[in-house]
Protein chains: 2
Amino acid sequence: MAMTESGYVEVRNLHRHVGNTVTLAGWVETLRTHGKVAFALIRDGTGVVQCVLAKKEVGEDSWEAGLQLTQETTVEVEGVVRADARSPGGYELGLVGLRVLARSEEFPIQPKEHGIEFLMDHRHLWLRSTLQRAVLRVRSEVMQAVHDFFYEEGFTRIDSPILTGSIGESAGTLFSTDYFGEKAYLAQTGQLYIEAACPAFRKVYCFGPTFRAEKSKTRRHLTEFWMVEPEVAFADSEANMRLQERFVSHLVGRALERCREELEILARDLSKLERVKPPFPRVSYTEAVELLRSRGSQIEWGQDLAGSDETLLADQFDMPVMVYNYPRAAKAFYMKENPADPRTVLCNDMIAPEGYGEIIGGSQREDDLGRLLARIREEGLPEQAYSWYLDLRRYGTFVHSGFGLGIERTVAWITGRSHVRELIPFPRMMNRLSP
Amino acid sequence: MAMTESGYVEVRNLHRHVGNTVTLAGWVETLRTHGKVAFALIRDGTGVVQCVLAKKEVGEDSWEAGLQLTQETTVEVEGVVRADARSPGGYELGLVGLRVLARSEEFPIQPKEHGIEFLMDHRHLWLRSTLQRAVLRVRSEVMQAVHDFFYEEGFTRIDSPILTGSIGESAGTLFSTDYFGEKAYLAQTGQLYIEAACPAFRKVYCFGPTFRAEKSKTRRHLTEFWMVEPEVAFADSEANMRLQERFVSHLVGRALERCREELEILARDLSKLERVKPPFPRVSYTEAVELLRSRGSQIEWGQDLAGSDETLLADQFDMPVMVYNYPRAAKAFYMKENPADPRTVLCNDMIAPEGYGEIIGGSQREDDLGRLLARIREEGLPEQAYSWYLDLRRYGTFVHSGFGLGIERTVAWITGRSHVRELIPFPRMMNRLSP
C-alpha cells in the first residue's frame, strides 16, 4: 500500500467509491468492541469515517492490532465503502486490512471535560478536537471569502508593513523591537500605508496580523489578531457604510453556504445569521446615547461606548448595527471632521448582534492638510514620523474612506463562540505566548 | 456631480460607455497643449485615459483651469467616451467640463531619472508610477492565485503566530520584543505550527509576513517578507516536489492569463514564462555539485549552494530546477534523514531560471521522535521550547512534508525585476524602516 499522500483516498471523497475497496490513512478517535466486531472512528483530516472491523474478515493479525488501538494512533486501513445513513458522514468502511503506522500512548486530551488552561497549554493537540476543527474551518472559509470579495470588486491587495518606525494610534500599546540600532514598532494597523496606495490603485486592502500590547484579559482581546482593512478613493462615509454592509453580508452568506456542517456541529442558530442582509440599521452616536440612557446606561455624550453599552444597543436590533459620527475626542486623529457638526467626525463602528461587540471601525479620512496637521499637534503626535502621511494631502489630496474588520471577533459571532481565543489557531494573550 | 465613489465611472469600464457622457475623477499624470487644445493623461487608479480639452467645447473657466493643471492634481472631468486605437487603453474622453478637486504643487517624482534612495524615501508617492503599479498589480494577482490554488485543492488555512516564545531556525537572525516581561521572537516561519494542524485538517497552509534580522544587503534580501507555507500529511518528499511544480506553474499561468498588460509594460519576455509547466527538471544535490564543478565552481560536497552556484545551475535549464537531498549538515534540524544515504536529508530547493535564485525550500519532516530529539540536541537548540513540537511525534506521528515559497522573489522572477525591494509595497531592509 502506497505511503504517499496520493496513494490514499480521502474521507471527504468516499461517496465516489461506494462498493469499492479503498485504502486510507488517519488517526483513531474512538474504538468500541462488541464481541468479535470492533468499531473505530478514523479521522483523516478531511472527515471522520466509521470503520467496522470483524475478526472473520480481517484475520488474526489485523484483529489483534485493532483491539490494541489507542486514541490518536495513526493507522492505514483498507476496506469496502458502504453507504450507511447511520454513520457520521453517511458512509462506513468494512475493513479487510488494518496496519498501525504509529502508536500513540495516552493522548493528553481525553473525551471528558478539561480546564481551559490545560487545553490552551495543549493547543497543538487540542486542534484535533471536533469543535476546534469546526471553528477553524469556518475561519479558513471566511478568510478566503474576504479575499474573494475584494478580488471580485476589483481591489488591489497592498500588504502593509509590520515593522514600522512611525506610529499608528497610541504608543502605549505597541510592541517594539531593536531594528539594527533603531527602534521599530509592530504595526497596529496598515491603514496609513494603504491610504498611500489609493492614488495608484483606487481601491486597495491589506489583510494581515496586527498587534496590541494591551493589558486586557477580556474574551474579546488578543495581542495578535488578524484584521482586514480596505481603503477606497472617492468614497465618503456613506459609501463606506454601504461597502461594510455588503462585505459583512457576503462573509456571513459564504459561511452559511459552505460551512453548514460545521455550523451545525457548533449548534449555531442559523436563523440569526440568515437574516443578515443589507441594509443594516444605522443610528447616529447622538441617537445611540439617547437610546442607551433611556435603557438605563450612564453614558454621557462625548464618551465612547463601553462594552456593556454595545451589548445593550445590539439587543435593540436583530442585525449588525452601524453607529456613526462619534465625538471627535473619542476617536483617532485621522478621521474627517463632520462639516455639519464639528464636534463629531465622519466615522462609524459596526456592532455585531447577540453581544459579540464591535467588529468594524471605519471612517472617512481627514483630507485637508491644515486640519490634519492641527489634529496631529493637538494629540501631541510626532509630526516628523507622519511627514510622509501628510504628503498624501499635499500632492493631490482626495476624499477617501476605509475600515478595519477584526477576523476573530467576526468569526466568534458567526460561529457563536464566546471567547476569541478559540478563533485563531495559536492565540496570543497577555499570559499566553505558547505553544 | 457626485462626490462619492459610486458617482464616478471607472476608467477600466469606459468600454461600456462609448458615445455617452461620463464623469470620472483621478490624478493628472501629464499635460500637453497645442494651441487651443490640451491633452491630459488622467489616472484614476483603475487605468489611465487621455482627456482632450478643447477651448471651444469647455468654456473659458475649464480651459483656464486645464492650462494650470500640475502633475498629480486631483480632478473631476466630464466628457464623451470615444473609441480611439491610438490612446492608451483604447479610449479617450472629449471633455465638456473640468473641475480641480485638489491642486498638487511640485510633485517630487518627475518624469526623469531619480536615484534609488530618493525613490525609496518617497515610496508612498513612487507607488503611483507606471512600473511600480504594474509590478504591484502582478504581486496582488499572484497572492490571490496562492489562496485560490490551496482553496481549490482543499487546504485549510491555518494562520501561524508571529509572536513566539520558541525559536524557528537560528536565534541569531531573529527580531525580539518584550512581551509583558517575557522575551518573544518574531517568527521566521510558520512551519512548526502548521505541522500541528495536519492531524486535524490533513492539508494546511499559512501565508503571512516573516522576519529575518539578517545583515544582508543583497538584491534578494528583505528583513520582512511574505512567505506561503503548505504542509501535507501522508505526503513524502516526492509528493512534495510534485505539489511544488504544480503550484509554481499555477502562479505563473495566472500571471500570464490575467496580468498580460502589466507584463507587457514591464517588457517581460513572456516566452520564458510560457514554457513553465510540470514536470520541472530535478537533480540531486550530489549531481548538482558534480555539474557545478564541471562548469568551474569551487563548491565541495557538503557545502550549501552559493548564490553564484544557483545562477550557474539555473543557466543549465530553461525551467525552474529542483535540487533534492542536500547534506544534512547544510539544512535545518527538522528535515527527515534519507534512509538510502543518511549523510543527506529528504529535502529540496527550487531555483528559478534567469538568475532569480531560490524561491522554494521544502522537505519531508523528521517524524521519528528519537531522531528528531537527537538532532535538536546535536544543534544545541533549547529542548524545552520544542516540547510541544516533539509531542507531534509522540501522539500518532505521520509522514508529512511541506515547503515555503517567498512571494517577493517569485514575483521578481515573474515580472523580471532585479531587486526584491520593488516587489513589496513598503520594503524593509537593513537600512530602511520608512516610510
Side-chain angles (χ1 to χ4, degrees), chain A residues 3-6 8 25 27 44-46 72-74 102 104 107 124 127-128 133 137 140 143-144 147 151 156-159 161-163 165 175 177 179-180 182 184 193 196-197 199-202 208-209 224 232-236 239 388 391 395-399 425-426 428 430 433-435, chain B residues 3-6 8 25 27 44-46 72-74 102 104 107 124 127-128 133 137 140 143-144 147 151 156-159 161-163 165 175 177 179-180 182 184 193 196-197 199-202 208-209 224 232-236 239 388 391 395-399 425-426 428 430 433-435:
Chain A
M3 281 296 295
T4 60
E5 186 262 345
S6 48
Y8 295 125
W27 294 265
D44 82 337
T46 73
E72 292 303 320
T73 284
T74 320
S104 170
F107 191 67
H124 56 295
L127 294 176
R128 304 183 191 187
R133 287 194 335 259
R137 281 290 303 162
S140 177
M143 292 184 91
Q144 181 69 24
H147 289 296
Y151 186 75
T156 299
R157 177 172 176 175
I158 292 295
D159 298 297
I162 303 295
L163 293 169
F175 292 107
T177 186
Y179 191 83
F180 307 107
E182 276 185 270
Y193 293 91
F201 305 104
R202 192 179 192 102
E224 175 177 342
V232 182
F234 307 117
D236 62 12
W388 67 265
D391 274 357
Y395 305 111
T397 192
F398 53 102
V399 170
F426 295 92
R428 295 295 179 251
M430 199 182 146
L433 186 58
S434 71
Chain B
M3 282 295 296
T4 59
E5 188 261 345
S6 49
Y8 295 126
W27 293 266
D44 81 338
T46 74
E72 293 302 320
T73 283
T74 319
S104 172
F107 191 66
H124 55 296
L127 294 175
R128 305 183 191 186
R133 287 196 333 261
R137 281 290 304 160
S140 176
M143 292 185 91
Q144 181 70 25
H147 288 296
Y151 186 74
T156 299
R157 177 172 176 175
I158 293 294
D159 298 297
I162 303 295
L163 293 169
F175 291 107
T177 186
Y179 191 84
F180 306 106
E182 276 185 90
Y193 293 93
F201 305 105
R202 191 178 192 102
E224 176 177 343
V232 182
F234 307 116
D236 62 12
W388 68 265
D391 274 356
Y395 304 112
T397 191
F398 53 102
V399 170
F426 294 92
R428 295 294 180 250
M430 198 183 147
L433 185 59
S434 72

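Since we're looking at a predicted model, the values are computed, not measured. Throughout, a chain's letter reflects where its sequence line sits, starting with A, and its residues are numbered from 1.
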In terms of heavy-atom pairs under 4.5 Å with chain A, the winner among B/Thr73, B/Asp44, B/Asp159 is B/Asp159

Among A/Tyr179, A/Phe107, A/Phe426, A/Phe175, the residue with the most heavy-atom pairs under 4.5 Å to chain B is A/Tyr179

Check whether any side-chain N or O of B/Thr74 sits under 3.5 Å from a backbone N or O of A/Gly396 as a donor-acceptor pair, and report yes or no. yes

Scored by heavy-atom pairs under 4.5 Å with chain B, the best of A/Ala102, A/Ala197, A/Gly208 is A/Ala102

Between A/Glu224 (side chain) and B/Ile162 (backbone), is there a donor-acceptor pair under 3.5 Å?
yes

What one should report as the nearest heavy-atom pair of A/Pro435 and B/Tyr193 is C-CE2, 3.6 Å

If you tally heavy-atom pairs under 4.5 Å between each of A/Glu72, A/Arg137, A/Met143, A/Gln144 and chain B, the highest tally belongs to A/Gln144

Any donor-acceptor pair under 3.5 Å from A/Ser140 side chain to B/Thr156 backbone = no

Comparing B/Glu182, B/His147, B/Arg128, B/Arg133 against chain A, the one with the most heavy-atom pairs below 4.5 Å turns out to be B/His147

task = Look only at the side chain of B/Arg202 and the backbone of A/Thr46, and say whether a donor-acceptor pair between them is shorter than 3.5 Å.
result = no

If one checks every heavy atom of B/Pro199 against chain A at 4.5 Å, the contacting part turns out to be both

